[in-house]
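A short write-up of the structure that comes next.
Values below: all heavy atoms of this structure, side chains included; hydrogens, waters and symmetry mates excluded. All ligand and atom numbering here is 1-based and tracks the order in the structure.
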Amino acid sequence: MRETPLKEKSIVFIGFMGVGKTTIGKAVAKKLYRDFVDIDEEIEKEFQMPVQQIFKEIGEKAFRKKEKEIIIEQCRSKLKIISVGGGAFLQEEIRKECLSSCIVFFLDLSWDSWKERISLIIDSRPVLQGKTLEEIEELFYKRQEAYSVHHSKVITDNHEVEEVAQYIVDSLKLAWELYS
Ligand SMILES: Nc1ncnc2c1ncn2[C@@H]1O[C@H](COP(=O)(O)OP(=O)(O)O)[C@@H](O)[C@H]1O
Ligand SMILES: O=C(O)C1=C[C@@H](OP(=O)(O)O)[C@@H](O)[C@H](O)C1
Ligand SMILES: [Mg+2]
């Protein structure tokens, strides 16, 4: 099969819960006039319930299976902006598929900045619930290894959503110009 031209490849955002993958992904999609896909939202549509309820009633294993199926399917289509959940890159098949068919951006945020955001996300992230701040910090650092495989990294500390999205769009346009 012919390889997808760089300009048409879908863009995938990865990173820890709460770094801004959904929010920034949406803003980038708007700027590039592309369709936006949030994988958690797609999983919620499939199970017809929110993520917290899926974890509680159906279990994390079923969530991860559906997450893998949907990501692989979406990655194989062109011109999308895709935000995956923070746990997706722990699955090797997902990492391989995203890295081979899409452009993967890692949204990086320091632990100190992330901590300030916890109250915004805790209620909707079952993985964080029931954990102490120390346990969450440990998970935060442990997960960084899975995110270390990417095509581009964007440090988001002290930057507004709009600023980060514009930076990503500008760097994509430069890459398209240089390498197409
Ligand atoms: N650059 C940013 N600066 C400040 N707040 C942000 C930024 N990016 C995202 N947020 C906020 O952080 C929270 C988590 O964002 P979200 O996009 O859901 O993260 P993720 O999809 O990575 O879990 C939301 O309340 C969002 O408004
Ligand atoms: O990191 C994780 O294991 C998860 C991250 C969440 O997505 P966000 O990264 O968008 O919060 C969501 O997929 C689910 O709650 C599990
Ligand atoms: Mg999200």
Numbered atoms of ligand 2 (with element) below 4.0 Å of V127, judged on heavy atoms
3 (O), 16 (C)

T156 N/O to ligand 1 N/O under 3.5 Å:
no

Judging by distance only, is a nitrogen or oxygen of M17 under 3.5 angstrom from one on ligand 1?
no

Hey, does R143 sit under 4.0 Å from ligand 2 if you only count heavy atoms?
yes

Heavy atoms only: which of R64, R125, E41, Q52 is nearest to atom 16 (C) of ligand 2?
R64

Distance-only N or O hit between ligand 2 and K21, under 3.5 Å:
yes

Side chain, backbone, both or neither: which part of H159 has a heavy atom under 4.0 Å from ligand 1?
backbone

Decide if atom NZ of K26 counts as having more than 12 heavy atoms of other residues, nucleotides or ligands within a radius under 6.0 Å.
no

Atom indices of ligand 2, in the order listed, that fall short of 4.0 Å to a heavy atom of V51
14 (C), 15 (O)

What's the shortest distance from atom 2 (C) of ligand 2 to any protein heavy atom, and which residue and atom give it?
G87 N, 3.2 Å

So with a 6.0 Å cut-off around NZ of K131, is the heavy-atom count from everything else above 12?
yes

Please identify which atoms of ligand 1 are closer than 4.0 Å to at least one heavy atom of R125.
18 (O), 19 (O), 20 (P), 23 (O)

Within T23, is some N, O or S atom less than 2.8 Å away from the Mg ion (ligand 3)?
no

With side chain to side chain contact (heavy atoms under 4.5 Å, CB included) as the criterion, how do D108 and V19 come out once you've worked through the C-alpha distance, each side chain's angles and the decisive distance to 0.1 Å?
CA-CA 7 Å; D108 194 14; V19 295; over 6 Å; no

Using side chain to side chain contact (heavy atoms under 4.5 Å, CB included), reason through I43 and I70 one step at a time and then give a plain yes or no.
CA-CA 8 Å; I43 301 170; I70 297 176; 3.9 Å; yes

In the protein, which heavy atom is nearest to atom 3 (N) of ligand 1, and how far is it?
R117 NH2, 3.4 Å

Check whether any heavy atom of G15 sits under 4.0 Å from an atom of ligand 1.
no

Applying ring pair (Phe, Tyr, Trp, His ring centres under 6.0 Å), which residue pairs with at least one partner in residues 145-180 are found, sequence neighbours left out?
F106-Y147, F106-H150

Has ligand 2 got any nitrogen or oxygen that is less than 3.5 angstrom from a nitrogen or oxygen of F63?
no

Tell me which one of V161, T23, I14 gets a heavy atom nearest to atom 17 (O) of ligand 1.
T23

With under 30° as parallel and over 60° as perpendicular, where do the rings of F13 and F105 fit, or are they tilted in between?
tilted

Does this structure show an ion pair linking K31 with E162, if we count only N-O contacts that are shorter than 4.0 Å?
yes

Is a side-chain N or O of R34 found less than 3.5 angstrom from the main chain of A29, in a donor-acceptor match?
no

Close approach of Q129 to ligand 2, heavy atoms, under 4.0 angstrom
no

Would you say V19 contacts ligand 1, with heavy atoms under 4.0 Å as the rule?
yes

Donor-acceptor check, side chain of E44 to backbone of P50, threshold 3.5 angstrom: yes or no?
no

Give the atom numbers and elements of ligand 2 that come within less than 4.0 Å of a heavy atom of P126.
15 (O)

Taking all heavy atoms of F36 and all of T22, pick out the closest pair and write down the distance.
CZ-O, 3.6 Å

What I want to know is whether G86 and ligand 2 share at least one N or O pair that is separated by under 3.5 angstrom.
yes

Does this structure show an ion pair linking K66 with E42, if we count only N-O contacts that are shorter than 4.0 Å?
no

In terms of residue, atom name and distance, what is the protein heavy atom nearest to atom 25 (O) of ligand 1?
L120 CD1, 3.7 Å

Has the side chain of W114 got a donor or acceptor atom that lies under 3.5 Å from a matching backbone atom of E137?
no

Contact check: E67 vs ligand 2, nitrogen or oxygen atoms, below 3.5 angstrom
no

Aromatic plane relationship, F63 with F55 - under 30° parallel, 30 to 60° tilted, over 60° perpendicular:
tilted

Are any of the N/O atoms in E160 less than 3.5 Å from those in ligand 1?
no

Whether E67 side chain and D40 backbone form a donor-acceptor pair below 3.5 Å:
no

Flag, side chain of E8 to backbone of P5, donor-acceptor distance under 3.5 Å:
no

In this structure, atom 13 (O) of ligand 2 is nearest to the protein heavy atom D40 OD1, 2.7 Å

Taking 4.0 Å as the limit for heavy-atom contacts, which would you say applies to T22 with ligand 1: side chain only, backbone only, both, or neither?
both

What residue and atom, counting heavy atoms only, is the protein's closest point to atom 13 (C) of ligand 1, and at what distance?
I121 CG2, 4.0 Å

Could you say whether the N/O atoms of G20 and ligand 1 ever approach to under 3.5 Å?
yes

Evaluate the criterion side chain to side chain contact (heavy atoms under 4.5 Å, CB included) for residue pair E92 and R95; output intermediate values, then yes/no.
CA-CA 5 Å; E92 193 188 0; R95 285 200 302 272; 3.6 Å; yes

In ligand 2, the atoms that come under 4.0 Å of a heavy atom of G85 are 7 (O), 9 (O), 13 (O)

